[in-house]
Amino acid sequence: MVTPVHSSKLRIYNTLSKDIEEFQPINKDKVGIYACGLTVNDYMHIGHARTYLIWDVLVRYLRFKGYKVTYVSNVTDISIDDKILKRLKEENISFQQLIEKYTMAYFEDRESIGLLRADVHPLATQHIQEMIELIKKLIEKDYGYVTEDGVYFNISKFKEYGKLSGIRSQELIAGAGGRIKADEYDKENVGDFALWKKTNTDEPYWYSPWGIGRPGWHIECSAMSMKYLGESFDIHTGGEDNIFPHHENEIAQSEAATGKRFVKYWLHTRHVLLGGEKMSKSYKKLIYLRDAVKKFGSLNLRLYLLQTHYRKQLLYDEKGIEEASLTVNRIKKAIQFLQLFILKNISSNVGENLIDTIENKRIEFIEAMDDDLNTPLAIKSLQDIAKEILQYIESYGPIDSKFSLKILEILDPIITIIFGNLYSREIRIDMSKYFWIVEKMLEERNLLRKEGNFEKADIIRNKLKEMGIEIEDFKFGSLWYISKIT
RNA sequence: GCCGGGAUGGCAGAGUGGUUAUGCGGCGGCCUGCAGAGCCGUUUCACGGGGGUUCGAAUCCCUCUCCCGGCUCCA
């Protein structure tokens, strides 16, 4: 087994301090991470995918570094507004059916780009009681107050309000271009936000000490994250649009209730832009993940999304996804050629000095990841690795099976960080079941080539191509790899 | 208006004081039965404008211009 480099420390950008900090978990090697999940009233789009992808990489990387990670990501299945009510009519289904449909789609989509399942995916609707308890506590501590239409959080009581977003309450009131109409709600401060909203019975509702209704949006994340990770935990993530008001309000509620620091590191992704504008549901400017996966393939898409640093806006560009396929192919090839050498049980004694090169590139990879998850740079070292392997084979011939195995052992963990579950599914595929038949066909093809019967030789090559198998001819013979799983 | 992030070669995209990022594309060559892939070379100061600090700046400081995001349900 290859042991990860522990000497280097992960440095990450914390929105709270607006600075890159050395990552130091609250409890030695245990890490609690809460990733703000999807509101399941529509299919996941590319912007969501990018965000969940980088947290997937983060969790995998933390585990790679030896941390014991508890990964929690919620499913917001309470999202009711006029638009949703309209959709229910359009699709002629109940609220429950709509939520179920998109929750299932959400998990399918996550799986399609190789995302880990979180340790817990709590549903908001199953934690109403926890939310009510939290609201009760806030009322007891005088941070919450009850009005005609619900329960609100008084932001003027929480001195540190605004510490995450930099938006202070007075500015909120005066600023925001008067978009918030103070008299619309029965609130003490314009910036006060709902903990519980009273509703009519014609919308989905739950019982509470303050009458029937539904919880405010922010309370679910406070209640569920603290339930599964404790009152203080390490990492809380989301898209940049969550910074204000969502995460600001979460901090206020949680810290007001417990008197403790809620979260140590706040991490946020920047948006994916489409035609210069934010990809979002409300503007109808979006590309669904499932459509992009269908069009470009999950490996290419996953690599493409990680080829821009997560704190940089990503301008969605289809040409870029197509380009990513070249890197993907090269990696596939390098890995599968090594697998092939193992299957062939090559004992050439070739390849020992390649291991050092690979090991150095592995360290480069780790250094890049430690630097605030610099995936574009980490991917560059994967590109280098693939190139080194292929060049080496070209120059020195088949690599000894014991060295091939050693190299794969070094590479498996780091490539999996980038490609997630897709690595074993689409890159390091089990070649053994194809091995005998393909080798036999290659033997035949090479015989035909020697005879100069290229026409028949090409028929075999085309047949293999139809099976999703590509051939590469070297001086020492032909190698093959599975480019498409059929 | 307030808060935040940017501007790098034809394109995408790293790099924070001195050495080739990388990938794609273009051009020339090599390899190959062919194709693909690969390899080598090349694509003249790549670092938004101006000023400053320094022996030396894409990298630090000042200033200007432009772009983007958040401030409203949002990843």
Side-chain angles (χ1 to χ4, degrees), chain A residues 13 15 18 35-39 41-42 44-55 73 76 79-84 162 164-168 170-172 174-180 191 217 237-246 248 268-273 276-283 286 303-304 307-315 317 319-327 329-330 333 364 368 371 374-384 387 390-391 393-395 448-455 457-458 461-462 465 470-475 479 481 483:
Chain A
Y13 182 88
T15 309
K18 294 179 180 60
C36 256
L38 190 72
T39 302
N41 56 26
D42 199 357
M44 192 196 286
H45 62 63
I46 297 286
H48 300 129
R50 180 201 199 186
T51 296
Y52 302 139
L53 204 47
I54 193 71
W55 311 138
S73 188
T76 299
S79 169
I80 298 138
D81 57 31
D82 293 344
K83 270 178 252 162
I84 296 299
L164 181 72
S165 61
I167 296 168
R168 281 165 289 130
Q170 286 86 347
E171 284 169 355
L172 215 179
R179 268 175 289 185
I180 299 164
W217 170 38
T237 70
E240 61 172 326
D241 49 357
N242 284 151
I243 297 170
F244 189 88
H246 186 49
E248 192 68 66
H268 295 94
T269 48
R270 301 216 96 80
H271 287 309
V272 175
L273 306 185
E277 274 181 83
K278 174 186 168 188
M279 201 176 275
S280 89
K281 290 178 193 175
S282 27
Y283 301 132
L286 52 82
L303 189 77
Y304 168 74
Q307 251 169 340
T308 301
H309 187 92
Y310 77 96
R311 284 194 297 112
K312 197 167 175 180
Q313 287 165 345
L314 172 64
L315 282 82
D317 176 21
K319 209 181 91 203
I321 311 175
E322 279 163 9
E323 276 180 19
S325 72
L326 286 134
T327 298
N329 244 3
R330 220 164 281 161
K333 233 199 272 193
E364 267 182 35
D371 184 15
N374 192 340
T375 52
L377 201 57
I379 288 166
K380 185 218 164 228
S381 56
L382 294 188
Q383 288 171 332
D384 289 347
K387 200 172 175 175
L390 295 171
Q391 277 179 15
I393 295 169
E394 178 122 4
S395 315
L448 290 163
R449 284 172 77 207
K450 258 181 209 155
E451 290 168 4
N453 194 343
F454 299 117
E455 219 172 289
D458 286 353
R461 185 169 61 189
N462 288 336
K465 197 166 191 163
E470 299 280 345
I471 299 173
E472 191 159 325
D473 296 325
F474 291 89
K475 285 185 186 114
L479 297 178
Y481 71 101
S483 72

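Sequence lines set the chain letters: A, B, ... in the order given, protein chains first and strands last, and positions in each chain run from 1.
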How is [X] classified with respect to the nucleic acid when contacts are heavy atoms under 4.0 Å: base, sugar-phosphate, or nothing?
X      : value
A:E240 : sugar-phosphate
A:Y52  : sugar-phosphate
A:T237 : nothing
A:G320 : nothing
A:G452 : nothing
A:I379 : nothing
A:K475 : nothing

Using atom [atom1] of each nucleotide, how far apart are [N] and [M] to the nearest Å?
N     : M     : atom1 : result
B:G15 : B:C67 : P     : 25 Å
B:A12 : B:C3  : C1'   : 30 Å
B:A7  : B:U16 : P     : 12 Å
B:G36 : B:C31 : C1'   : 13 Å
B:G6  : B:C45 : P     : 29 Å
B:G26 : B:C68 : C1'   : 31 Å
B:C47 : B:G10 : P     : 10 Å
B:U63 : B:G25 : C1'   : 37 Å

What I want to check is whether an N or O donor and acceptor connect the side chain of [X] with the base of [N] at under 3.5 Å.
X      : N     : result
A:D473 : B:C34 : yes
A:R449 : B:G33 : yes
A:D241 : B:G69 : no

Regarding the side chain of A:K319, the nearest nucleotide among B:G33, B:C34, B:C11 is B:C11

Winner on side-chain proximity to A:E472, out of B:U22, B:C71, B:G36, is B:G36

Could you tell me whether A:E451 atom CD has more than 12 heavy atoms of other residues or ligands within 6.0 Å of it? yes

Checklist entry - So does A:K475 have more than 12 non-hydrogen atoms from other groups sitting under 6.0 Å from NZ? => result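 12 or below, so no.
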
Scan nucleotides 27-30 of chain B against the protein and return all N/O pairs shorter than 3.5 Å with their distances rounded to 0.1 Å.
none

[X] [atom1] to [Y] [atom2] distance, which is reported to the nearest 0.5 Å:
X      : Y      : atom1 : atom2 : answer
A:H48  : A:T39  : NE2   : OG1   : 7.5 Å
A:R270 : A:K312 : CZ    : NZ    : 11.0 Å
A:L390 : A:K333 : CG    : NZ    : 6.0 Å
A:E455 : A:L448 : CD    : CG    : 11.0 Å

When you measure from the side chain of [X] to the backbone of [Y], do you find a donor-acceptor pair of N or O atoms at a distance under 3.5 Å?
X      : Y      : result
A:E470 : A:Y481 : no
A:Y304 : A:D317 : yes
A:Y52  : A:L38  : yes

Contact list (N/O, under 3.5 angstrom) for nucleotides 39-42 of chain B vs protein:
{"residue": "B:C39", "atom": "OP1", "partner": "A:Q391", "partner atom": "NE2", "Å": "3.1"}

Requested in this report: Show the numbers, then the answer: is there a side chain to side chain contact (heavy atoms under 4.5 Å, CB included) between A:I54 and A:T237?
Outcome: CA-CA 10 Å; A:I54 193 71; A:T237 70; over 6 Å; no

field: Residues A:V272, A:H45; criterion side chain to side chain contact (heavy atoms under 4.5 Å, CB included); working and verdict
entry: CA-CA 10 Å; A:V272 175; A:H45 62 63; over 6 Å; no

- Query: In which ranges does RNA chain B form stems of 3 or more consecutive Watson-Crick or G-U pairs, distances under 3.5 Å?
  - Reply: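 Stems for RNA chain B, defined as runs of 3 or more consecutive pairs: B:1-7 with B:65-71, B:10-12 with B:22-24, B:25-30 with B:38-43, B:48-52 with B:60-64.
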
Pairs: protein N or O with nucleotides 57-61 of chain B N or O, under 3.5 Å:
none

Sequence neighbours excluded and cut-off under 3.5 Å, please list the side-chain donor-acceptor pairs for residues 374-383 of chain A, or say none.
{"residue": "A:N374", "atom": "OD1", "partner": "A:L377", "partner atom": "N", "Å": "3.2"}
{"residue": "A:T375", "atom": "OG1", "partner": "A:L306", "partner atom": "O", "Å": "2.7"}
{"residue": "A:K380", "atom": "NZ", "partner": "A:D384", "partner atom": "OD2", "Å": "3.1"}
{"residue": "A:S381", "atom": "OG", "partner": "A:A378", "partner atom": "O", "Å": "2.6"}
{"residue": "A:Q383", "atom": "NE2", "partner": "A:T327", "partner atom": "OG1", "Å": "3.0"}

Protein N or O to nucleotides 13-15 of chain B N or O, pairs below 3.5 Å:
{"residue": "B:A14", "atom": "OP1", "partner": "A:H309", "partner atom": "N", "Å": "3.0"}
{"residue": "B:A14", "atom": "OP2", "partner": "A:K312", "partner atom": "NZ", "Å": "2.9"}
{"residue": "B:A14", "atom": "O3'", "partner": "A:N374", "partner atom": "ND2", "Å": "3.1"}
{"residue": "B:G15", "atom": "OP1", "partner": "A:N374", "partner atom": "ND2", "Å": "2.9"}

Point to revise | Considering all heavy atoms, the nearest A:G238-A:T51 contact | key: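 Distance-wise, the nearest heavy atoms are C-CG2, 4.2 Å.
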
